[in-house]
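This report concerns only the one structure given below.
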Amino acid sequence: MPGGVNSPVRAFKNVDGKPIFFKSAKGPILIDEDENEYIDFIGSWGPMILGHSNPLIIDAIKAQLELGTSYGAPTKLENTLATIIKSQVPTMEKLRMVNSGTEATMSCIRLARGFTGKNKIIKFTGCYHGHVDSLLVKAGSGVSTFGLPDSPGIPKELAALTYSSPYNDVEALLKVIKETEDDLAAIIVEPIAGNMGFIPGNPEFLNTLRKLCDAHGSLLIFDEVMSGFRVSLGGAQSIYQIQPDLTALGKVIGGGLPVGAFGGKKSIMDELAPIGPIYQAGTLSGNPLAMSAGIALLNALIKINPFDQLEKASSDIMSHIKLLMHSKGIPFSTSSIGGMFGFFFCENQPNNFDDVVQSDDVIFKKFFYASLNQGIYFAPSKYEAGFISSTHDQLIIDQTKTRLEKAIKEL
Ligand SMILES: *Cc1c(COP(=O)(O)O)cnc(C)c1O
């Protein structure tokens, strides 16, 4: 496999290292092939919000396993998961299951273009929406006129339809939107960003997106693949009280199996085949095993509603770390919402991608390895968020603090 991995961030390239191979996990603990144990703060990038190998989810998968793994035909399970999602994210009046977050955002973009009859997309620098051609684009310098593809293999002509603007910056956006003229199909955003480190959207910025989309006859797409069921039951849209036209979900809703979903206004969703002309499909979409895992996780999550507890737990760890860093004169900032958190080696909490770029790489790398040596598994890049689970109880939190104290002494 290229880089030894099936997804690049796992390769530890950002920290000049080699990936760790894991063989099992339970609650907050990951165990690698050499029997080393780590307290996990990645949680499979979100889904393990109730801890690894949660018995409710394992039992649900086992029960379905006995009944068959895929039928290529509808099941009640799909309706059940869709109904649960809709009960918490009511802007998803209708939805479709897919197999990954990438598929969800890709389908949103096609649907937005098909529905509006327009072609251009605005995204924000540092927001990641999966490896979709149209969305692997960032700004050139400052406010870019045309999108520059981030990857060879994406035609310039396609990338040119994607405009990029700095996150949390209304003024820059107003300039970019002028350049899209009457051809703006959609604005897509991570309302709480988790792919340039953890950066919550600014309420004024997000409200402006809603207004601009209404004014231009364009759709507002919230990419909540990471924030959905991670920051609160209703996602970022319930925290900010903003109604997007379309929402993309993934990660948590699959309970650790490959799932995505996208949905929104009925009038828009009904443009999809077989009712409408816009094509979207998937042989394994709504897979019974994945639906069972998602149903078990979301039902438990709704019952427990652990989001305040999760936010308290990560804040508890991170505020302790901040004091220790400051006592050593190391600039450090941190924030948490629900089960997501982040930290940066710079004094002021970053507002956008450029701020993150400027945070200290050298200290990040040192801290990452010092933590890893103490058995604390943080994301191997300053461009990723942190994730905590309901199984990170007081004992685990205290252990984490003690181990990180030792790690920080080495810096
Ligand atoms: C992870 C992620 C995606 C892509 O999901 P995959 O399942 O990896 O394809 C899209 N958008 C956001 C915000 C994500 O965090």
Side-chain angles (χ1 to χ4, degrees), residues 5-11 41-49 89 96-112 121-138 150-151 162 164 167 186-201 206 209 220-232 235-237 239-240 244 246-263 280 282 284-287 290 293-294 297 337-342 352-353 356 379-387:
V5 292
N6 282 310
S7 196
V9 70
R10 298 179 195 168
F41 288 96
I42 299 181
S44 189
W45 307 99
M48 299 305 154
I49 189 161
V89 191
R96 267 246 166 103
M97 302 297 171
V98 290
N99 304 291
S100 70
T102 296
E103 263 188 79
T105 57
M106 180 186 79
S107 304
C108 284
I109 296 296
R110 179 172 314 132
L111 181 54
I121 304 289
I122 293 178
K123 75 175 286 291
F124 299 95
T125 311
C127 283
Y128 176 68
H129 303 295
H131 61 101
V132 182
D133 279 358
S134 285
L135 299 173
L136 269 187
V137 174
K138 65 180 177 193
D150 263 0
S151 163
T162 304
S164 197
Y167 195 63
I187 298 180
I188 184 167
V189 67
E190 282 182 78
I192 291 177
N195 287 288
M196 47 177 144
F198 177 70
I199 304 185
L206 295 174
L209 302 186
L220 178 60
I221 304 170
F222 271 11
D223 179 353
E224 298 224 47
V225 170
M226 194 177 265
S227 58
F229 294 93
R230 236 307 154 182
V231 293
S232 78
Q237 55 194 272
I239 293 177
Y240 292 92
L246 294 174
T247 299
L249 295 175
K251 297 191 169 104
V252 175
I253 63 161
L257 268 69
V259 183
F262 69 101
Q280 185 277 329
L284 291 174
S285 292
N287 173 268
L297 174 56
I337 301 179
M340 279 174 83
F341 67 94
N352 59 39
F353 185 74
V356 178
S381 163
K382 70 173 183 176
Y383 297 104
E384 302 293 342
F387 302 88

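As a basis for the values below, the full set of heavy atoms in this structure was taken, side chains included, without hydrogen atoms, waters or symmetry mates. Note that ligands are numbered from 1 as they come in the structure, with each ligand's atoms numbered from 1 the same way.
Close contacts between ligand 1 and Met226 involve ligand atoms 15 (O) [criterion: under 4.0 Å to a heavy atom]. Every atom of ligand 1 with a heavy atom of Glu190 under 4.0 Å away is listed here by number and element: 13 (C). Less than 4.0 angstrom separates some heavy atom of Ser100 from each of these atoms of ligand 1: 7 (O), 9 (O).
Of the protein's non-hydrogen atoms, Gly101 CA, 3.2 Å is the one closest to atom 5 (O) of ligand 1. Closest protein heavy atom to atom 8 (O) of ligand 1: Thr102 OG1, 4.4 Å.
Between the side chains of Gln280 and Arg110, no donor N or O sits under 3.5 Å from an acceptor N or O.
In this structure, the side chain of Tyr240 engages the main chain of Gly201 through a donor-acceptor pair within 3.5 Å.
Polar contact with ligand 1: absent for Glu103 (N/O pair, distance under 3.5 Å). Where the criterion is an N or O separation shorter than 3.5 Å, residue side chain and backbone included, Lys251 meets it with respect to ligand 1. Of the N or O atoms in Asp223, one or more lie within a sub-3.5 Å distance of an N or O in ligand 1. The shortest N or O to N or O distance between Tyr128 and ligand 1 is below 3.5 Å. Considering backbone and side-chain N/O of Val225, none are found under 3.5 Å from N/O of ligand 1.
With a 4.0 Å heavy-atom cut-off, ligand 1 is reached by the backbone of His129 but not by any atom from C-beta on.
Heavy atoms only, all atoms of each residue included: Thr162 and Ser134 are closest at OG1-O, 2.6 Å. Nearest heavy-atom pair, Ala186 versus Ile221, reported as atom, atom and distance to 0.1 Å: CB-CD1, 3.7 Å. Among all heavy-atom pairs drawn from Ala290 and Val259, the shortest one is CB-CG2, 3.3 Å.
Side-chain rings of Phe353 and Tyr383 approach one another, their centers coming within less than 6.0 Å.
The closest side-chain heavy-atom distance from Arg230 to Lys251 is not below 4.5 Å. Annotation: side chain of Phe262 is not in contact with side chain of Leu249 (no heavy-atom distance under 4.5 Å).
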